[in-house]
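Below, chain A is the first sequence line, B the second, and so on; all start at residue 1. Side-chain atoms are counted along with the backbone in the values below, which use heavy atoms only and exclude waters and symmetry mates.
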Amino acid sequence: MHENLVIVESPAKAKTIEKFLGEGFVVTSSMGHIRDLEKKDFGIDLEKNYAPKYIVSADKKKIVSELKKLAKAADTVWLASDEDREGEAIAWHLKEVLKLKDEKTKRIVFHEITKEAITRAVENPRDIDVNLVNAQQARRVLDRIVGFEVSPVLWKKVKPSLSAGRVQSVAVRLIVEREREIRNFKSVSSFRVNGYFLVPDKNGNITELKAELPKRFETLDKAKAFLEKCKTAEFTVADVVKKPGKRTPAMPFTTSTLQQEASRKLGFSVSQTMAVAQRLYESGKITYMRTDSVNLSKLALNTSKQKIEDLHGEKYVKIRKFKTKAKGAQEAHEAIRPTYMENETVDGSAQEQRLYELIWKRTIASQMADAILERTNVTINVSNASESFQATGEVIVFDGFLKVYIESTDDENGGNSNGQTIIPPLHVNDKLEMSSVISTERFSQRPARFTEASLVKRLEELGIGRPSTYAPTITTVQNRNYVVKEERPGVERKYSVLSLQNGDIKEEVKTEITGAEKNKLFPTDIGIVVNDFLLANFDQIMDYNFTANVEKEFDDIAEGNKVWNEMIDKFYQPFHGKVEHALENAERSKGERILGIDPKTGKEVSVKIGRFGPLAQIGEASNEEGAEKPQFSSLRAGQHIETITLEEALELFRLPRDLGEYEGKKVTVAIGRFGPYVRHDNKFVSLGKEDDPYSVGSERAIELIEAKREKDRLAVVKVFEEDAELRILNGRWGAYIKHGKKNYKLPKEVKEKAKDLTFEDCMKIIEAAPEPKARRGKKK
DNA sequence: CAGTGAGCGAGCTTCCGCTTGACTT
């Protein structure tokens, strides 16, 4: 018996709110949406003005029936889902599915979970905003139309099981285009010049002052000419300018900024960050982690102020209100912050502690004073040259928020140095003693590849995707194999260094590694082919502004200035025409590239996507009787359709190499998934590190075959007369059973005594073995 | 694990946004 039932979206929230509301209120959760468009069909009735066909999803049946029971027993049902488009729709679906009567239903909203905010919400109920619900329906229907009409085009024209969508396809486009920018980037080198001068500091000790020439020389000769001048030059301080500066703390965390900082500072993947944050949220340590709001509750501001005063004193406090810049932010929640600002640390796993600490510091810092700096610029003239050196120093006069938190950047040169550079006391007209002048060749930087987190950042800037979908989107494009997160080695690059010291100019050539990547996103061949196909046929949905444009229309619907199915119709008519057009006219897209002519056969060499991935091919398939079939070879790891050269492709066809016969059976060498191997009598032997598959001889091959045989012989622990397929072998982790092609683990107790196992024992173990794990993604 | 690349056809794949578990290793 309860008078009031409150339904929120998340169970953790329900628990907290129940405490605030007290007697007479039961608080429960819907676990997000309870209904969605029918999935096995299109789910939209095109004949009936795009009427959505909603069904309660299988995993929500139980929740819905429980909610029905609770709603029946209550006098008033309070629909307290989030205050945004999706939340409004959840409230509406609940009202429909639970068949709630108007007079017993109230809609309330709050964006902070504090007693005050909730009491105020209960005192100010309203009705469901039908316009906002319709805006959500338009969003939902549009996404279904795009996804379920374009994906099947890909199945027909590119490869089965592929997918396209308003969000994921644009995410892939960003990666593909960045990769092409990088590929087309021409690095230009120039010569940077640093001068080092000996100067007494304020205690009279000699220190080295580093200064840089703002101008860079285009060539080695020009740099050398400048150094020549420096040999005899006099160096004079021409100007000393001191300027005050300040730094301001970053805004509190949203989902996207949390993902970026956790990636840079803790090395977390985007989904890892969300999983850890979820645990902190569920245990009541932080506020909700899927948010685009930078707002902090009054309570949070007050407790932060108290904490800063306790730790660092009053002058470190500066209460600030932040405004969201992100496009299309819906601000249904607070920023991500600790629930209790007084807790600097929490219990939990190491990851939870580190993420919590990051959140705590960022939140506290956002309410702290600016850092006050003093920047010093010194200009040093060169008597016989028009160029002058600049030395810059930065001293922190008051640290302010820097005491607790420094935001990191994506800058690859690892900027973000907070080290102070102190300039010794200098005066205009001071003569400086030069200790050295060094000119280093530097190269212009290509654009940076995306990390998971920097891709999220870009998507957010474009207003594409929502806090709840950033991590799943990043996972989807990788699961579809459009994008891979990889490590790739860099290449060596030579650069020149000129140094003037003790009146001598030395010239050196040094090498550095450049372009090495770790945990960066690369497009795959299939990702590139799909992207180009979609751009050619569906430019509208691939437009970076498509989401922003439709969002404007959704806003119009939400304000009651547009009718949702009319908006959808305007989109659908031309869009569906493009789908039909593509189905009829677009050629099958295999990303084929012709590399040139094979000098041996005179036939064309090409690369394309085949049934099993990218391949190289010599000659063309022909329907003519008795025509020669083309030769095929899979591309190797690290080779790509867009970048492979004719020479590299031809190299692939040098394998498998025939090495003649051994014991009446053919010996061949090839490269497989696990590297180069020798094949003989259907057995495979890996080549050693020192062996080259292109030149290895038959003698060495036979040696390897024999060595493998010997090893296999030693590995056999026991064979059985009853079944030739059954053997006990010794593997990397000790004895195990091999039956046909399957392997079975031995229980620990018998591992040592595997020799004593009988045929019956083995069969028992095989029968008792658990079924191999089901493949992911298939349900029941 | 170590290949495959014909062609046909049945039956399947697919979106974005709200939410948590229920599963292994």
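- As a whole-Å value, the separation of A:E38 CD from B:dT14 C1' is 15 Å.
- A:H93 is linked by a ring-ring contact (aromatic ring centres under 6.0 Å, His included) to A:Y54, counting only residues two or more places apart in sequence or in another chain.
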Atom pairs, N/O to N/O, protein against nucleotides 17-21 of chain B, distance under 3.5 Å?
from   : atom 1 : to     : atom 2 : distance (Å)
B:dG17 : OP1    : A:R166 : NH2    : 2.7
B:dG17 : OP2    : A:T469 : OG1    : 2.9
B:dG17 : O4'    : A:R139 : NH2    : 3.2
B:dC18 : OP1    : A:R466 : NE     : 3.4
B:dC18 : OP2    : A:S468 : OG     : 2.7
B:dC18 : O3'    : A:E9   : OE1    : 3.3
B:dC18 : O2     : A:H33  : N      : 2.5
B:dT19 : OP1    : A:Y288 : OH     : 2.4
B:dT19 : OP2    : A:Y288 : OH     : 2.7
B:dT19 : OP2    : A:R290 : NE     : 2.9
B:dT19 : O5'    : A:Y288 : OH     : 3.3
B:dT19 : O4'    : A:G32  : N      : 3.4
B:dT20 : OP1    : A:S10  : OG     : 2.8
B:dT20 : OP2    : A:Q278 : NE2    : 3.3
B:dT20 : OP2    : A:R290 : NH2    : 2.8

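- Atom NZ in A:K708 sits about 13 Å away from atom P in B:dA2, given to the nearest Å.
- Residue pairs satisfying the salt bridge (Lys or Arg N to Asp or Glu O under 4.0 Å) criterion with at least one member in residues 537-550 of chain A, sequence neighbours excluded, are listed as follows: A:D539-A:K578.
- Between the P atom of B:dG11 and the NZ atom of A:K156 lies a distance of 15 Å, rounded to the nearest Å.
- Taking the side-chain contact (heavy atoms from CB on, under 4.5 Å) definition, one finds that A:A335 meets it with A:P252, A:L296, sequence neighbours left out.
- Applying the side chain to side chain donor-acceptor pair (under 3.5 Å) criterion to A:K95, with sequence neighbours excluded, gives A:D102.
- Counting to the nearest Å, the C1' atom of B:dC16 and the CD1 atom of A:I474 are 15 Å from each other.
- Atom CG of A:L154 is separated from atom P of B:dT13 by 16 Å (rounded to the nearest Å).
- The side-chain contact (heavy atoms from CB on, under 4.5 Å) search around A:A12 returns A:S10, A:Y281, not counting sequence neighbours.
- Rounding to whole angstrom units, CG of residue A:L635 and P of B:dT4 are separated by 16 Å.
- In summary, A:E651 and A:R654 engage in a salt bridge, as defined by a charged side-chain N under 4.0 Å from a carboxylate O.
- A:N479 and A:T476 form no side-chain donor-acceptor contact under 3.5 Å, judged by distance and modelled atom types alone.
- Considering only the side chain of A:Q168, B:dC15 comes nearest among B:dC15, B:dG5, B:dT14.
- Applying the salt bridge (Lys or Arg N to Asp or Glu O under 4.0 Å) test to residues at least two apart or on different chains, none of the pairs has a partner in residues 52-67 of chain A.
- Counting distance only, with no hydrogens placed and no angle test, the side-chain atoms of A:S634 and the base atoms of B:dG5 include a donor-acceptor pair under 3.5 Å.
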Intra- and inter-strand pairing of DNA chain B, written as dot-bracket with Watson-Crick and G-U pairs under 3.5 Å and | for the latter, reads .........................
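- Note on A:A89: nothing from the nucleic acid sits closer than 4.0 angstrom, heavy atoms only.
- Counting to the nearest Å, the C1' atom of B:dT4 and the CG atom of A:L615 are 10 Å from each other.
- Put simply, A:S163 has a side-chain N or O that comes within less than 4.0 Å of OP1 or OP2 on B:dC15.
- Residues passing the salt bridge (Lys or Arg N to Asp or Glu O under 4.0 Å) test with A:E9: none are found, sequence neighbours excluded.
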